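What you are looking at is a predicted structure, and each value in this text was computed from that prediction instead of being measured.
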Amino acid sequence: MSLTPEEKNARKEAFRRMTPAGKAEYLLTYYKFPLVMLTIILIITISGITRLVTRKNELLYLAYVNVAVGEDLAEQLTETFVSTIGENPKRSVVYTYSGIYISDDPAEENHEYSYASKLKVLAAINAKQMDIVLLNQESYDIFSQSGYLLDLSELLENQAPELLQKAAPHLSQNIVVLDDNAVEIELGTADTYKAETRTDTNALEISTLPSMKNAGFKEPVYLGIIANSPRLDQAAAYISYLMQ
């Protein structure tokens, strides 16, 4: 039933005379649902605007696999690269995955961690959110044999031919498994492992680069580029940066 103009004016006058506590109680009693909905909408809107304003442009996704880096080196591998290519570190970033450990034969206490790391790597690769990986020898062998890595000689020839000759002494070759009977071996239906393989030039040994002489690596460290990376131009720029 609609109110007459006189009734509406009377209610407005009554509301005006209420104390602040009384007004709050009145609004909560008669307008609780609309107020709750309005609050939710405001929170969602403000959160969305905040994320949009503060979100950084992710230039590259970098993963440390079986490799530990200190704070200074991490800055050199991320923020300094961003600045060097003329981007603003406040607006652009190299996103990093750290603490990833994978092994074909992990110790018993590391087995679950290695399995979880493999799942994380696969998820990131499938989502095309992993571009560059820093690897020790064991993880390099695993990534190469699994076919995860791009042939760097082809990349440099296409993206940065002027770097190919300079990078040549630091390029590394490894085996890529095209087909094998690993499943049959695991199921016990075959006794001898057989595989069809090829050899690719799919890593750069960065631990031998002049720019990495103070990195403190105690073993060879390799840089590989994930084969399905959609950011190959930035990946080539990253290699160029490390070669300086």
Side-chain angles (χ1 to χ4, degrees), residues 60-81 94-126 129-153 155-156 167-177 180 182 193 195 197-229 231 234-236 238-243:
L60 280 171
Y61 292 86
L62 169 67
Y64 307 126
V65 186
N66 296 13
V67 172
V69 300
E71 187 175 321
D72 291 342
L73 180 57
E75 182 177 345
Q76 180 183 347
L77 294 171
T78 56
E79 294 176 18
T80 307
F81 165 72
V94 174
Y95 183 89
T96 57
Y97 301 92
S98 59
I100 297 178
Y101 168 75
I102 63 172
S103 174
D104 279 334
D105 187 25
E108 184 176 348
E109 63 272 17
N110 294 326
H111 187 272
E112 289 187 5
Y113 188 72
S114 175
Y115 180 72
S117 291
K118 287 182 179 179
L119 293 180
K120 185 175 183 178
V121 167
L122 285 173
I125 290 175
N126 288 334
Q129 291 182 337
M130 186 175 287
D131 304 303
I132 294 177
V133 284
L134 299 190
L135 312 156
N136 72 345
Q137 186 65 57
E138 181 182 22
S139 55
Y140 173 33
D141 292 341
I142 293 172
F143 270 65
S144 178
Q145 291 168 20
S146 300
Y148 294 159
L149 302 178
L150 191 70
D151 191 306
L152 294 189
S153 58
L155 171 74
L156 293 176
H170 308 281
L171 293 175
S172 181
Q173 294 185 325
N174 209 325
I175 292 172
V176 178
V177 177
D180 66 8
Y193 177 74
T197 66
R198 71 165 186 253
T199 300
D200 279 359
T201 304
N202 54 12
L204 182 76
E205 189 178 349
I206 66 168
S207 48
T208 61
L209 296 178
S211 63
M212 294 287 108
K213 64 181 179 180
N214 296 321
F217 295 130
K218 293 185 169 79
E219 61 177 343
V221 174
Y222 302 90
L223 178 150
I225 296 176
I226 299 300
N228 71 344
S229 167
R231 288 165 283 271
Q234 293 287 17
Y238 196 84
I239 291 178
S240 177
Y241 162 72
L242 293 180
M243 294 294 298

Tyr148 and Phe143 aromatic ring geometry - parallel, tilted or perpendicular at 30°/60° bounds: perpendicular
For [X] and [Y], does a side-chain donor sit closer than 3.5 Å to a side-chain acceptor?
X: Ser144; Y: Asp141; answer: no
X: Gln129; Y: Tyr95; answer: no
X: Tyr140; Y: Asn202; answer: yes
X: Ser153; Y: Asp151; answer: yes

Matching residue for Ile225 among Leu152, Leu204, Asp131 - test: side-chain contact (heavy atoms from CB on, under 4.5 Å): Leu152
Member of Leu223, Ile132, Leu134 meeting the side-chain contact (heavy atoms from CB on, under 4.5 Å) criterion with Leu77: Leu134
Between [Y] and [X], is there a side-chain heavy-atom distance shorter than 4.5 Å?
X: Ile206; Y: His170; result: no
X: Thr199; Y: Asn174; result: no
X: Tyr241; Y: Gln76; result: yes
X: Asn66; Y: Leu135; result: no
X: Ser207; Y: Met212; result: no

Between Tyr97 and Tyr64, ring centroids under 6.0 Å: no
Starting at [atom1] of [X], measure out to [atom2] of [Y] and round the result to the nearest 0.5 Å.
X: Arg198; Y: Gln173; atom1: CZ; atom2: CD; value: 12.0 Å
X: Arg231; Y: Ile226; atom1: CZ; atom2: CD1; value: 11.5 Å
X: Leu156; Y: Leu171; atom1: CG; atom2: CG; value: 6.5 Å
X: Met243; Y: Tyr238; atom1: CE; atom2: OH; value: 14.0 Å
X: Thr208; Y: Tyr222; atom1: OG1; atom2: OH; value: 9.0 Å

Nearest atoms (heavy-atom pairs only) where Val133 meets Met130: CG1-SD, 3.7 Å
Nearest atoms (heavy-atom pairs only) where Leu73 meets Ala215: CD2-CB, 3.9 Å
Stepwise side-chain hydrogen bond (donor to acceptor under 3.5 Å, both in side chains) check, Thr80 with Glu75: CA-CA 6 Å; Thr80 307; Glu75 182 177 345; 4.7 Å; no
Could you check whether any side-chain N or O of [X] sits under 3.5 Å from a backbone N or O of [Y], counting only pairs where one atom can act as donor and the other as acceptor?
X: Ser103; Y: Asp105; value: yes
X: Asn136; Y: Ser139; value: yes
X: Asn126; Y: Leu122; value: yes
X: Ser117; Y: Ile100; value: no
X: Thr78; Y: Ala74; value: yes

Glu109 CD: over 12 foreign heavy atoms closer than 6.0 Å: yes
